[in-house]
2 protein chains.
Amino acid sequence: MTATPVRSTYRHGDLRQALLDAGLDLARDGGPDAVVLREATRRVGVSPNAAYRHFADRGALLDAVSAVAQGLAADRIEIEWAKVPADTDEATIARGHLRAVGTGYIGFAREQPGLFRAAFSVPHDLRHAFSPDKAGAAGRTPFQLVALCLDELAAAGVVTPERRRNGEFLAWSTVHGLAMLVIDGPLRGLTPEMIDDAETRLLDMVDRGL
Amino acid sequence: MTATPVRSTYRHGDLRQALLDAGLDLARDGGPDAVVLREATRRVGVSPNAAYRHFADRGALLDAVSAVAQGLAADRIEIEWAKVPADTDEATIARGHLRAVGTGYIGFAREQPGLFRAAFSVPHDLRHAFSPDKAGAAGRTPFQLVALCLDELAAAGVVTPERRRNGEFLAWSTVHGLAMLVIDGPLRGLTPEMIDDAETRLLDMVDRGL
DNA sequence: CGCAGTTGTTCACAGTGTAAACATTTTTGT
DNA sequence: ACAAAAATGTTTACACTGTGAACAACTGCG
């Protein structure tokens, strides 16, 4: 059932990308732990150690998968971002964008829990949060999107400069927490309606209390 | 260098507990992934398969470790809880308790990241959130403590019954998110001062916006 | 005392990551 | 053009993991 179980050429052509794709498939159902080197090479139709020509070790492959997954999260957020009507006042737009980030983030977590965990449970430093390989199709990383709408809120005077400072951490923590508890923690098993409700109220709380 | 590499009796005496303790040690530095069956048996000085007389599989051991870790989290929260002055009005006490839960929860995460992840990253259902084996020395689970202070807030009239409903999820998500991002996510590497600041502002936000 | 149940051990196997040596193909320098 | 060098894939090998099955030693009960 595999597309091309054997290949004619000795060289693969684009093994790195193929392994990355396989890794993403593994992460999609199974999360970061499911990204196992040998299985990826198996799916690509190559010997296990071929992977080491393109990734230093399993961790490097997982890092690459994580970066792509963060880009996919960014894409999901951009979808919500684009829905925000632009024909209103600055403040309303900014608040809409903040809400869009939250909705998109949690939406991605709920729709793609495996990729979400691969994206945000693999330890990375904040210093790399802006690196282009973590960006979505629009060229912006999830963290950049959070920062951006906070800038908008500050520019519109919705939040004071004092409150805007490091506000990323607050906004991010809030939605990240709900996402994690729902897909991977004790809040799993809640009905979609209950999650929707929690999500709405959570975003209300951020909107009011940031 | 091991305390008792061999034992005189064929029977161990309390192998289950010994394995659990070893599992906790492993989780303490290394988190849930570090809880490996063979290493636990090795530390206890017993053959690998002896573990199967007391735990169905590795997952069962991890579950047990997770439950104990949740109890330790509860203990940590109780410490903050007990600090709240009782000689004030009901509302102030209730709000203090909510804050104590947040402080204790994040404190536990920062002080014992491995145990924290073992406690709250191992999937469990909310239906078991009250089971006594997850309780601390005071007999209350972390989730019970959240629920309790929300009840207090409602009784004191700080939050309306409408807002109290399912408020656990909001409060929990918020602190859980910060904890996870700080110990395991992109917010690692923040200075303790920045984390302190984020924590304070996060709890302020919950206090204002719940 | 004998025997059944409990608990620990041994042997075995499949799966994982990864190092080292080897093979093949492509690139590059003269 | 052609040999040397670099890049890429394979094979072999090892240590480690979880876990099933058969076996061994101890315990308590009739």
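This one's a predicted model, so the numbers in the text were calculated from it and none came from an experiment.
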Next item on the list: List for me each residue that meets salt bridge (charged side-chain N to carboxylate O under 4.0 Å, His left out) alongside Glu111(B), sequence neighbours excluded, and say none if there are none.
Entry: Arg76(B)
Check: Between Thr9(B) and Val46(A), which is nearer to the 5' end of DNA chain D once each is assigned its nearest nucleotide?
Finding: Val46(A)
Item checked: Interatomic distance, Leu19(B) CG vs dT7(C) C1' [rounded to whole Å] -> 12 Å
Checklist line | Under 4.0 Å protein heavy-atom contact, by nucleotide of nucleotides 13-22 of chain C - B base, S sugar-phosphate only | finding: ---SBBBBB-
Check: Quick one: is the NZ or CZ of Arg140(A) closer than 6.0 Å to the six-membered ring centre of Trp81(A), and within 45° of its axis?
Finding: yes
Item checked: Sequence-distant partners of Asp196(B), salt bridge (charged side-chain N to carboxylate O under 4.0 Å, His left out), two or more places apart -> Arg110(B)
Notebook entry, point to check: Among pairs that include at least one residue of residues 55-64 of chain A, which meet side chain to side chain donor-acceptor pair (under 3.5 Å), considering only residues two or more places apart or in two chains?
Noted result: none
Checklist line | Contiguous pairing runs of three or more, Watson-Crick or G-U under 3.5 Å, that involve DNA chain D | finding: C:1-30 with D:1-30
For residues 18-31 of chain B, tabulate all N or O donor-acceptor pairs below 3.5 Å that involve a side-chain atom, not counting sequence neighbours.
from	atom 1	to	atom 2	distance (Å)
Asp21(B)	OD1	Gln17(B)	NE2	3.1
Asp25(B)	OD1	Arg28(B)	NH2	3.0

Note to self: Test of understanding: with salt bridge (charged side-chain N to carboxylate O under 4.0 Å, His left out), list the residues that count as partners of Glu168(A), not counting sequence neighbours.
What the structure shows: Arg164(A)
Next item on the list: Report the residues that fulfil salt bridge (charged side-chain N to carboxylate O under 4.0 Å, His left out) with Arg42(A), sequence neighbours left out, ordered by chain and then residue number.
Entry: Glu39(A)
Note to self: With ring pair (Phe, Tyr, Trp, His ring centres under 6.0 Å) as the rule and sequence neighbours excluded, what pairs involving residues 111-138 of chain A come up?
What the structure shows: Tyr105(A)-Phe116(A), Tyr105(A)-Phe120(A), Phe116(A)-Phe120(A), Phe116(A)-His176(A), Phe130(A)-Phe143(A)
Note to self: Applying ring pair (Phe, Tyr, Trp, His ring centres under 6.0 Å) as the test, list every pair that has at least one member in residues 30-61 of chain B; sequence neighbours left out.
What the structure shows: none
Next item on the list: Could you list the residues that satisfy side-chain hydrogen bond (donor to acceptor under 3.5 Å, both in side chains) with Arg95(B), not counting sequence neighbours?
Entry: Asp207(B)
Check: Mind checking which nucleotides bracket the chain A contacts on DNA chain D, 5' to 3', with an atom under 4.0 Å from a heavy atom?
Finding: dA7(D) to dT11(D)
